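Because the structure is predicted, anything quoted here is derived from the model rather than measured. Residue numbers begin at 1 in each chain, while the letters A, B, ... track the order of the sequences.
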Protein chains: 2
Amino acid sequence: MGISSTDLRRAGLFRGLTGCDLTGLLAVARPQQAAAGTTFFLADDQAARCYLLTAGYVKLVQAGLDGAEVVVRMVGPGEIFGWVAVMGGSCYPGTAEAVTDSAALAWDAEAVRRAILATPLLGLNALEAVGRRLREAQDRVRELATERAERRVARTLLRLADQAGTSTSGGVEIAIPVGRQLLADTAGATLHTVSRILAAWDHQGIIGGSRQRIILRQPDRLRALAEDDSEA
Amino acid sequence: MGISSTDLRRAGLFRGLTGCDLTGLLAVARPQQAAAGTTFFLADDQAARCYLLTAGYVKLVQAGLDGAEVVVRMVGPGEIFGWVAVMGGSCYPGTAEAVTDSAALAWDAEAVRRAILATPLLGLNALEAVGRRLREAQDRVRELATERAERRVARTLLRLADQAGTSTSGGVEIAIPVGRQLLADTAGATLHTVSRILAAWDHQGIIGGSRQRIILRQPDRLRALAEDDSEA
DNA sequence: CGGTTAGTTGACGCTCTTCAACGAATGTGG
DNA sequence: CCACATTCGTTGAAGAGCGTCAACTAACCG
């Protein structure tokens, strides 16, 4: 079950690259695994490698001064992580912890620099990927600054569904084990607030699920909560 | 008062480029001005150009659903803006409004793509610049999610001082006209909360200044407020 | 000197956090 | 298969922070 070049081509990062380029990149990549709960790297580690997630889900977590955790990003298959610190030659700003059993390809910082210099299109693609993430981060800044918890949680659920949703008969199920704490750390709220909000939505039939599992039964109503100015 | 290649070289974006590359880039750049209060581009405009600020200060603003504004970033001389939207071929996510009279160099989206393909190092530099932005944005996400208003305002002031501070006898003066509203939009708070916080600091001699002008009289105490877990 | 913009300050109340206790689901070892 | 510890989730009550409303003062500008 090796990783083929066609797998790689599917990742946006490698769009437009020649087969030759891809095999060259594969040759210097190191496969790496992380079981659920373990990490690819820790915050403040010297950034030595950057990653392309091939399977599983990884959360990038930053710790606040008082121990509060914030999920900066959820990474899904085909997405890259750890690139920013590597390009800047600094330390990783957060910890990359596998939420499910995960697999990734890792490249050394120097190998990536060489690859971009040799294949400028790769740099262009990376720039686009990092740019998209910058945009997402800026959107979250706006949301945290202006919107209230309920709406942020709604958005968080929709994003997760977008990233890891599988359509079932009863609605869209999020294929990642999502606990209240994780949701809270992602939405910028406390476990308690999230629990209350979800309980209310559950009673209204908007969502369902059980421990660590969430099903969006009425995504439209969630979308309304996330975007509308008035209530439903 | 044209812009020389040495000016450009000072901007991190062009580090390591040859004089030949630089003159080529200069040849396709269009100088553009914006008086204080006017804009380089508006949110939801089709992203046609990206910019390198050569003089002045520009704020990138996103508007929330209810009309609340959030300052996503303050841009100073030598920094680039508008790149993310251009690379993604999408619309600008926010408005770029000059806070002081400003000047910039603008490049067409296609020219930038060509330049990066021709000069991969430029792509590498851009990737690093965008990466730094991403990191800053993620830091702000963490701050907004975990810290309270007072600390966020302290950080905002320190950042502004870092970016546009001039040392004077009485302390570090921020060389940008900073109103309470701007500060609030940047820190993620309301005008009123900011006013109260600054009034308190003023009484304690931590800061000073007058209308639209702020002087950090005791930057160390501000730093303590921004970073320490306990109070002063 | 009026008009306008920027800033201050008080009172009130809504969200959300905090503190605390409880209930429910999962896994483990006997 | 059942007692057990552990993790996860729920729910109530109290209070803090900060947003909102409102009124007022001070500075700037023709």
A/Asp185 CG to D/dC8 P, in whole Å, measures 12 Å
C/dT17 OP1/OP2 closer than 4.0 Å to side-chain N/O of A/Thr193
yes
Of the options C/dA11, C/dT17, C/dA24, whose atoms approach the side-chain atoms of A/Thr190 most closely?
C/dT17
A/Leu144 vs A/Arg152 side-chain heavy atoms within contact, under 4.5 Å:
yes
Using heavy-atom distances to pick each residue's nearest nucleotide on DNA chain C, tell me which of A/Val194 and B/Val194 is more 5'.
B/Val194
Could you state the atom-to-atom distance from CD of B/Gln212 to P of C/dT8 in whole Å?
11 Å
With a 3.5 Å cut-off and just heavy-atom distances, do the side chain of A/Arg180 and the base of D/dT11 make a donor-acceptor pair?
no
Is the closest side-chain donor-acceptor distance between B/Arg73 and A/Gln138 under 3.5 Å?
no
Please confirm whether any donor atom in the side chain of B/Arg196 sits under 3.5 Å from an acceptor in the base of C/dG10, or the reverse.
yes
Between C/dT8 atom C1' and B/Trp201 atom CH2, what is the distance in whole Å?
17 Å
Ignoring hydrogens and angles, are the base of C/dT15 and the side chain of A/Arg151 linked by a donor-acceptor pair under 3.5 Å?
no
Measure the acute angle between the ring planes of B/Trp83 and B/Trp107, then classify it against the limits of 30° and 60° as parallel, tilted or perpendicular.
perpendicular
To the nearest Å, give me how far apart CZ (A/Arg152) and C1' (C/dT17) are.
12 Å
Tell me if the side-chain of B/His192 makes a donor-acceptor pair with the base of C/dT9, cut-off 3.5 Å, by modelled atom types.
yes
Taking CD1 from A/Ile197 and P from C/dT17, how many angstroms apart are they, rounded to a whole number?
9 Å
Euclidean distance, atom CZ of residue B/Arg211 to atom P of C/dT5 [Å, nearest integer]:
10 Å
Could you tell me if B/Gln204 and B/Arg221 have a donor-acceptor pair between their side chains, going purely by distance under 3.5 Å?
yes
C/dA6 P sits how many Å from B/Leu198 CG, rounded?
16 Å
When the nearest nucleotide of DNA chain D is assigned to A/Asp202 and to B/Glu147 on a heavy-atom basis, which residue is associated with the more 5' position?
A/Asp202
Write down the distance between CD1 (B/Ile207) and P (C/dG7), rounded to a whole number of angstrom.
12 Å
Pick base, sugar-phosphate or nothing for B/Arg148, based on heavy-atom distances below 4.0 Å to the nucleic acid.
sugar-phosphate
Could you check whether the rings of A/Tyr51 and A/Phe81 sit parallel, tilted or perpendicular, using 30° and 60° as the cut-offs?
parallel
